[in-house]
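We use all heavy atoms of the structure for the numbers below, so side chains are in, but hydrogens, waters and symmetry mates are not.
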Amino acid sequence: MSAGAPGRFNTTLSRRGAAGSRVLLAPFRGLPDLLRKFAVPSAAVLRQFGLTEEQLEAAELSGSFAELSRLLSHCAATTNCGHFTLLLSRSVSLRSLGVVGRLARYAPTVRVALEDLVTYFTLHDGGAALDLRVEDNAATFSYTIHAKTVTAREQIYDFATGVMVNVMKELCGAEWRPELVMLPRKPPPDLQPYRATIKAPLQFDALQAAVVFPSAWLARPVPSADPILYRLLLREACASVEEKEPLVCSNVRRAIIRLLHEGRCSRREVAQMLGLHERTLGRALHASGTTFQQLLDDTRSELARQLLHDTHVPISHIARELGFRDSTVLTRAFRRWNHVSPREYRNGLRSAH
């Protein structure tokens, strides 16, 4: 199926619907109204993908992450609006993110809210990982796709970045402003919609989708904090995650992405992040038919292909982001994984266009 071509959603209605590379559909309930603003019949578009407007309103209905990317790409092409998903992100709030969003909304502080979003994000989105890093006086809140067979990633990243900005404003108040917003995509032809929506310095061709802001905001109390509701929702989130186990490979892949962004990634560190002994992790992965090294190689290969395809980031910078000593080591590994060098891969994409 080509990028943006209509497909069929295999929707699931349950709390466990976001397991694997699936995502809850509720954040996209603004899609019909936005399509209508472009004079596009929303029901017909959704019907091509096996969806209805009523399904987008269902709080716990999920669909394939890959099919979602095709739907959003199709909408952008149909409306002839390259920043379609950025506009769509304006309608998303913490309430749209299911139990993990409600948990963050009632958390005591901004730091706790973001850490809970990172920890329990799998309940909402099984195709990507959130991360929060604090260095010196700067906090970086980021989103990274790890699902495979995802087309038009720039649409997902535009949407996710807009949502992260919304989430921060909801947690901190309207006066919150990011110091920098990063997007792992080539600069669009028209920057004005991005400046109007995000209202912050923008960095395209970035290594990740992220918002950067002063870390002092993390200590702020959340305006809607409620200790009783928070404890109830935390219990529900913990139970829901346990219900989804074993998701060993997905959890390891998310941990690998987070640690790669931090510049460190070993089996010991991944095991520690997951609260497991190294040997326990090894046995669990063996039972799933894989190894830690295979998952590390697979994740690095996928992220390298994304950055080579979607950005102009120099290969040497990609190598450092993925934990390689230099571009030569990345080149050898990438050739082993994909049978071409990173440069040949990127040049082949340019030739195809």
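Counting non-hydrogen atoms of neighbouring residues, nucleotides and ligands closer than 6.0 angstrom, the NZ atom of K186 exceeds 12 such neighbours. Residue-environment remark: CZ (R336) exceeds the threshold of 12 foreign heavy atoms within 6.0 Å. The environment of CZ in R343 is sparse: at most 12 heavy-atom neighbours from other residues, nucleotides or ligands sit within 6.0 Å. Around the CZ atom of R90, the shell of radius 6.0 Å holds more than 12 heavy atoms that belong to other residues, nucleotides or ligands. Taking a 6.0 Å sphere around CZ of R264, one finds it holds more than 12 heavy atoms contributed by other residues, nucleotides or ligands.
Note: the hydrophobic cluster containing V110 also contains V118 (ILVMFWY, side chain heavy atoms under 4.5 Å, direct or indirect links). Both V252 and L276 belong to a common hydrophobic cluster when Ile, Leu, Val, Met, Phe, Trp and Tyr are linked at side-chain heavy-atom distances under 4.5 angstrom. In terms of hydrophobic clustering, with Ile, Leu, Val, Met, Phe, Trp and Tyr side chains grouped at heavy-atom distances under 4.5 Å, L130 and F213 are assigned to a common cluster. Linking ILVMFWY residues whenever their side-chain heavy atoms come closer than 4.5 Å, directly or via other members, places L34 and L71 in the same cluster. If you chain together hydrophobic residues whose side chains sit under 4.5 Å apart, V212 and I257 never meet in one group.
Between the side chain of S327 and the backbone N or O of S316, no donor-acceptor pair lies under 3.5 Å. For D136 (side chain) and A138 (main-chain N/O), no donor-acceptor pair under 3.5 Å exists by modelled atom type. The main-chain N or O of A284 is found under 3.5 Å from a side-chain atom of S288 such that the two form a donor-acceptor pair. Here the side chain of T85 pairs no donor or acceptor atom with the backbone of L88 at under 3.5 angstrom. Formation of a donor-acceptor pair under 3.5 Å by the N338 side chain with backbone atoms of S341 is not found in this model. No donor-acceptor pair under 3.5 Å is formed between the side chain of T109 and the backbone N or O of A219. Proximity of a side-chain donor or acceptor of Y157 to a complementary backbone N or O of I145 within less than 3.5 Å is detected.
Judged by distance alone, the side chains of E302 and T299 never bring a donor and an acceptor atom under 3.5 Å apart. Under 3.5 Å, the side chains of T331 and R335 contain no donor-acceptor pair of N or O atoms. A donor-acceptor pair shorter than 3.5 Å cannot be found between the side chains of Q155 and S73. No side-chain N or O of S89 forms a donor-acceptor pair with one of N166 less than 3.5 Å apart.
Looking at H261, R254, Q306, Q208 one by one, the single match for side chain to side chain donor-acceptor pair (under 3.5 Å) with T144 turns out to be H261.
Ring geometry for W337 against F334 counts as perpendicular: the plane angle is over 60°, on a 0 to 90° scale with 30° as the lower cut. Relative ring orientation between F204 and Y194 is described as perpendicular, the plane-to-plane angle rising above 60° on a 0-90° scale split at 30° and 60°.
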#### Entry: Derivation and outcome, side-chain contact (heavy atoms from CB on, under 4.5 Å), residues R220 and R111
CA-CA 8 Å; R220 287 285 191 101; R111 180 188 286 273; over 6 Å; no
### Query
Are R320 and H317 close enough, and set up right, to give a side chain to side chain donor-acceptor pair (under 3.5 Å), and what steps lead you there?
CA-CA 5 Å; R320 286 197 297 272; H317 293 187; 3.2 Å; yes
### Query
Should F28 and F159 be marked as a ring pair (Phe, Tyr, Trp, His ring centres under 6.0 Å) after you check the CA-CA gap, both sets of side-chain angles, and the distance that decides it?
CA-CA 10 Å; F28 308 97; F159 180 78; 4.7 Å; yes
### Task
Report the C-alpha separation of S42 and E53 in whole Å, then their side-chain angles, then the decisive distance to 0.1 Å, and conclude whether the side-chain contact (heavy atoms from CB on, under 4.5 Å) test is met.
CA-CA 8 Å; S42 61; E53 293 188 19; 2.8 Å; yes
### Message
Checking F49 against H74 for the ring pair (Phe, Tyr, Trp, His ring centres under 6.0 Å) test, could you report, in this order, the C-alpha distance in whole Å, the side-chain angles of both residues, the deciding distance, and whether it holds?
### Response
CA-CA 10 Å; F49 287 82; H74 181 74; 5.4 Å; yes
### Task
Please report the C-alpha distance between R185 and D205 in whole Å, then the side-chain angles of each, then the deciding distance to 0.1 Å, and finally whether the salt bridge (charged side-chain N to carboxylate O under 4.0 Å, His left out) criterion is met.
CA-CA 5 Å; R185 54 162 296 169; D205 282 325; over 6 Å; no
### Task
Could you walk me through whether T311 and R346 pass side-chain contact (heavy atoms from CB on, under 4.5 Å), step by step?
CA-CA 10 Å; T311 74; R346 180 172 271 174; 3.9 Å; yes
### Message
Under the criterion side-chain contact (heavy atoms from CB on, under 4.5 Å), I'd like the reasoning laid out for L285 against T291: C-alpha separation, chi angles, the key distance, then a yes or no.
### Response
CA-CA 5 Å; L285 291 176; T291 66; 5.7 Å; no
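One finds no salt bridge joining R268 and E278 here, because no Lys/Arg side-chain nitrogen approaches an Asp/Glu carboxylate oxygen to under 4.0 Å. Ion pair E175/K169 not flagged as a salt bridge, since none of the NZ, NE, NH1 or NH2 atoms sits closer than 4.0 Å to an Asp/Glu carboxylate oxygen. Using a cutoff of 4.0 Å between basic side-chain nitrogens and carboxylate oxygens, R300 and D298 are not scored as salt-bridged. Salt-bridge annotation for E170 and R105: present, with a side-chain N of the basic residue lying under 4.0 Å from a carboxylate O of the acidic one. The pair R22-D125 does not meet the salt-bridge criterion, since no charged nitrogen lies less than 4.0 angstrom from a carboxylate oxygen. The pair R153-D310 meets the salt-bridge criterion, since a charged nitrogen lies less than 4.0 angstrom from a carboxylate oxygen.
Atom SG of C75 and atom CG of L31 lie 4.5 Å apart (nearest 0.5 Å). To the nearest 0.5 Å, the span separating CD on E57 from CZ on R29 amounts to 5.0 Å. Once rounded to the nearest 0.5 Å, the distance linking OH of Y345 with CG of N347 reads 12.5 Å. With rounding to the nearest 0.5 Å, the separation of CD in Q48 from CG in L51 is 11.0 Å. Note that CG of L46 is 9.5 Å distant from CD of E54, once rounded to the nearest 0.5 Å. L94 CG to Y106 OH: the interatomic distance, rounded to the nearest 0.5 Å, is 10.0 Å.
Of all the heavy atoms in S96 and S91, the pair that sits closest is OG-O, 4.3 Å. Between A304 and L322 the shortest heavy-atom distance is CB-CD1, 3.7 Å. Across all non-hydrogen atoms, the minimal contact from A139 to L218 is CB-CD1, 4.0 Å. Contact between A225 and A107 at its shortest, heavy atoms only, is CB-O, 3.2 Å. Nearest heavy atoms, V181 versus A200: CG2-CB, 4.2 Å. Closest of all the heavy-atom pairs between A206 and Q203 is CB-O, 3.8 Å.
At a threshold of 4.5 Å between non-hydrogen side-chain atoms, the residues S142 and R133 count as touching. Between S64 and R70 there is no side-chain heavy-atom pair separated by less than 4.5 Å. In this structure the side chain of L234 reaches within 4.5 angstrom of the side chain of Y120, judged on heavy atoms.
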